> 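I have a structure I would like to understand better, so I am pasting it below and will then ask my questions one at a time.
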Amino acid sequence: MFRKSPIALLLAGGLSAQVAIAAVTAEEAKQLGGDKLTAVGAERAGNKEGTIPPYSGKAPKAPAGYDPKDPGQRPSPYDDKPLFSITAQNVDQYADKLDHMRELFKRYPNYRMDVYPSHRDIEYPKYVLDNTIKNATSCKATQKELKLEGCYGGLPFPIPKTGNEVMWNHLLHFTTHTYRGATTSTLTPANGKSIVTGQNKVDQQYDYYNPANTKPNPTDLTFWKAFIITTAPARDAGNGILLLDNLDMVDKGRRAYQYIPGQRRVKLSPNLAYDTPNPLTGGTGTMDDAKGFLGALDRYDFKLIGKKEKFLPYNNFGVSNAKVCNQEKLTSHKNFPNPDCMRWELHRVWQVEATLKEGFRHAYQKRIFYWDEDAPGGGVVENFDAAGKLYRVVLANIFPFYDTELGSYADASMAMDLQTGSWISNGISPEPGMGMWPIPPKDDREFSPEALAGQGIR
């Protein structure tokens, strides 16, 4: 989400914008919340093999080990064991549900996926479900599908017709309105000696999901705000980033600001987007790798391939619970996260293939996205270089909040770089006192360059 994208310049020069994509019919919309489709457009039933269960619609209850005084550390509510493990020896048996991720097993013979029983327990607040149903016939993507109009605070496209609409569902996935996090980012180079690239305090607010708003969101709404302050390592303490993303990617786009203590000033940083190396990942991830994908849609043609079954890092409570998988344990393997810390489940996904547009630049020539049908914040992304070789695999881990909160957390991501052998984790909570938790909504002034300047500590 750039200040002025090339698409905006083309439109300003007289190139006619694509007409709005037609909304689903009233008859199609009636299926939402019924026997066939959930309110967010997922198939309510399980699969015929029974390996994907029906959608429960009920968040799990907090287990006995949960301590409300340390709300970011969430034990798993599921007391189950792996059904089977996928290894280099049996990977071909699961080729149709792994796709290009099979390359990980070929490249790293000790890579392993432990596959657990699937659970579909992500629950949404009633206002989000009601607004999602309204959006089926109200929300429209215009201006080359880079701008949203008439969208209430729910998933914008519960019955998506295009690749862009699926990507908007991912960008506008529901976590909660406002939340605070204390997280860690790590880099594990090919030699296996991991380093902390950042411990961060993060406040995020999705004004798109303001429960007090009963009308369609304004077209120029800043839908997502992120206020990030680095607390460690010492050399980076006090660094700050402010990101503001807009529903209008054509004329508004992303506003990004950066505070560097040594300069003692806040500067506008429009390059904190697209394939610029993410400063929190030691250069092994791009800005738009965050959360699986986070950024503008203007550089790619997004093609909706359809629905399929895919192994996803799902209900992965372990990466946000120090008692299960602390930082040392998670990063004890080179090339990939410790398989003992990961939980994989079989789920249905929306598959979208993105191809870089002619005349545009990005480190990834092609990207294939697999977003969960129940909660499109979670999924897997396969990124390819200009030669068509698999470059990086990004995992957008997801788990539901307990029934006292509702929503889901999908900020804990990992990226495995097959060219360098390094891997990164971002937004994980591997130590006591870390994690994320809902907080009361914040004023716009608290997501401003002035507020960022006020956070300077040296």
Side-chain angles (χ1 to χ4, degrees), residues 51-52 84-115 163 166-167 170 190 275 281 284-286 288-294 299-314 316 333-337 339 342-357 362-373 376-398 410 413-426:
T51 51
I52 296 177
F84 56 91
S85 295
I86 304 174
T87 67
Q89 287 67 47
N90 65 1
V91 63
D92 290 339
Q93 298 178 31
Y94 306 98
D96 62 326
K97 296 175 177 61
L98 289 169
D99 305 288
H100 297 278
M101 291 185 68
R102 285 176 294 165
E103 182 65 25
L104 292 169
F105 296 88
K106 296 177 182 178
R107 185 71 60 89
Y108 310 125
N110 57 338
Y111 186 67
R112 187 183 87 242
M113 285 184 182
D114 292 335
V115 180
V166 174
M167 296 304 294
H170 169 72
D275 59 350
T281 64
T284 304
T286 66
D288 61 9
D289 276 335
K291 303 191 182 191
F293 182 82
L294 181 64
R299 293 194 179 184
Y300 290 90
D301 289 317
F302 294 91
K303 180 181 179 181
L304 175 57
I305 304 301
K307 294 279 287 290
K308 66 165 296 178
E309 296 180 0
K310 178 85 169 177
F311 291 119
L312 300 181
Y314 214 101
N316 216 357
H333 284 50
K334 62 181 182 179
N335 307 129
F336 51 82
M342 302 296 292
R343 179 188 177 108
W344 295 84
E345 296 183 4
L346 185 64
H347 287 263
R348 281 187 294 254
V349 297
W350 290 100
Q351 180 179 350
V352 175
E353 185 172 307
T355 305
L356 188 65
K357 293 179 179 178
H362 198 287
Y364 305 141
Q365 181 70 26
K366 186 176 80 170
R367 311 169 90 157
I368 304 178
F369 301 94
Y370 307 89
W371 301 128
D372 177 50
E373 66 170 344
V380 168
V381 187
E382 299 162 346
N383 298 302
F384 301 82
D385 64 16
K389 295 181 179 179
L390 187 61
Y391 186 174
R392 290 182 182 134
V393 174
V394 180
L395 311 178
N397 296 273
I398 191 166
S413 62
M414 301 160 182
M416 293 168 281
D417 190 318
L418 279 78
Q419 292 189 359
T420 66
S422 62
W423 73 275
I424 59 170
S425 63
N426 199 21

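Remember, it's a predicted structure, so these values are computed and weren't measured experimentally. For this chain, numbers begin at 1 and follow the sequence in order.
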> Please check this pair: side chain of H170 against backbone of F293, looking for a donor-acceptor N/O pair closer than 3.5 Å.
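The answer is yes, because a donor-acceptor pair under 3.5 Å joins these two groups.
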> For K291 and A396, which heavy atoms make the closest approach, and how far apart are they?
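Smallest interatomic distance, heavy atoms only, reads O-CB, 3.9 Å.
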> If I compare all heavy atoms of G388 with all of F384, which pair ends up nearest, and what's the gap?
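That would be O-CD2, 3.6 Å.
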> Assess whether ring pair (Phe, Tyr, Trp, His ring centres under 6.0 Å) is satisfied between Y94 and F105, documenting all intermediate values.
CA-CA 12 Å; Y94 306 98; F105 296 88; 9.2 Å; no
> Within the 4.5 Å heavy-atom criterion, are M416 and L395 side-chain neighbours or not?
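When only atoms from C-beta onward are counted, L395 and M416 do touch, with a gap below 4.5 Å.
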> Does the D96 side chain pair with the main chain of E309, one donor and one acceptor, at a distance under 3.5 Å?
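A pair under 3.5 Å: no.
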> Would you call Y364 and L356 a side-chain contact if the rule is heavy atoms closer than 4.5 Å?
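No, their side chains stay 4.5 Å or more apart.
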> Is there a side chain to side chain contact (heavy atoms under 4.5 Å, CB included) between M167 and W371 once you walk through the steps?
CA-CA 9 Å; M167 296 304 294; W371 301 128; 3.4 Å; yes
> Please give me the minimum heavy-atom distance between A410 and G377, naming the atom from each residue.
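Heavy atoms of A410 and G377 come nearest at CB-O, 3.5 Å.
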> If I take atom CG from residue L418 and atom CZ from residue R107, how far apart are they, to the nearest 0.5 angstrom?
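One finds 4.5 Å between CG of L418 and CZ of R107.
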> Would you say K310's side chain and G379's backbone share a donor-acceptor pair under 3.5 angstrom?
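No, the answer is negative, given that no donor and acceptor are paired below the 3.5 Å cut-off.
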> Apply side chain to side chain contact (heavy atoms under 4.5 Å, CB included) to E382 and Y370, showing your working.
CA-CA 9 Å; E382 299 162 346; Y370 307 89; 2.9 Å; yes
> Rounded to the nearest 0.5 Å, what's the gap from CZ on R348 to NZ on K307? Could you check?
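Reported value, rounded in 0.5 Å steps: 6.0 Å.
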> Answer yes or no: is there an ion pair linking D288 with R367, defined by an N-O contact shorter than 4.0 Å?
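A salt bridge is present here (some side-chain N lies under 4.0 Å from a carboxylate O).
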> Mind checking whether F369 and Y300 have ring centres under 6.0 Å apart?
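Between F369 and Y300, the centre distance exceeds or equals 6.0 Å.
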> Only one of N383, N335, T284 forms a side chain to side chain contact (heavy atoms under 4.5 Å, CB included) with D417, so which one is it?
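Output: one option passes, namely T284.
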> Counting N and O atoms only, with roles assigned by atom type, does the side chain of D289 sit under 3.5 Å from a partner on the main chain of G292, one being a donor and the other an acceptor?
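No; zero donor-acceptor contacts below 3.5 Å.
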> How far does CE of M342 sit from CE of M113, to the nearest 0.5 angstrom?
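Nearest 0.5 Å value for the CE-CE distance: 8.5 Å.
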> Give me the atom names and distance for the closest heavy-atom approach of V394 to A415.
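Reported closest heavy-atom pair: CG2-CB, 4.0 Å.
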> Using atom types as modelled and distance alone, determine if a side-chain donor or acceptor of D275 lies under 3.5 Å from a backbone N or O of A363.
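Side chain of D275 to backbone of A363, a donor-acceptor pair under 3.5 Å: yes, one is there.
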> Starting at NZ of K366, measure out to OG1 of T355 and round the result to the nearest 0.5 Å.
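Answer rounded to 0.5 Å: 7.0 Å.
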> Would you compute the distance between atom CG of L390 and atom CD of Q419 and round it to the nearest 0.5 angstrom?
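If I round to the nearest 0.5 Å, the distance is 9.0 Å.
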> Mind checking the CD1-CD spacing from I86 to Q93? Nearest 0.5 Å is all I need.
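I86 CD1 to Q93 CD: 9.0 Å, rounded to 0.5 Å.
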> Crowded around K303 NZ? As in, over 12 foreign heavy atoms under 6.0 Å?
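Result for NZ/K303: open.
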> So do the side chains of Y314 and D372 get within less than 4.5 Å of each other, counting heavy atoms only?
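Y314 reaches D372 side chain to side chain.
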> List the atom of A190, the atom of K334, and the distance in Å for their closest heavy-atom pair.
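Residues A190 and K334, closest heavy atoms: O-CD, 3.2 Å.
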> Determine the minimum heavy-atom distance between A88 and P109, stating which atoms define it.
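Here A88 and P109 meet closest at CB-O, 3.7 Å.
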> Decide side chain to side chain contact (heavy atoms under 4.5 Å, CB included) for D114 and W344; before the verdict, give the C-alpha distance in whole Å, the side-chain angles of both, and the deciding distance to 0.1 Å.
CA-CA 6 Å; D114 292 335; W344 295 84; 5.5 Å; no
> For F311 and K97: C-alpha separation, side-chain torsions, deciding distance, then whether side chain to side chain contact (heavy atoms under 4.5 Å, CB included) applies.
CA-CA 6 Å; F311 291 119; K97 296 175 177 61; 3.7 Å; yes
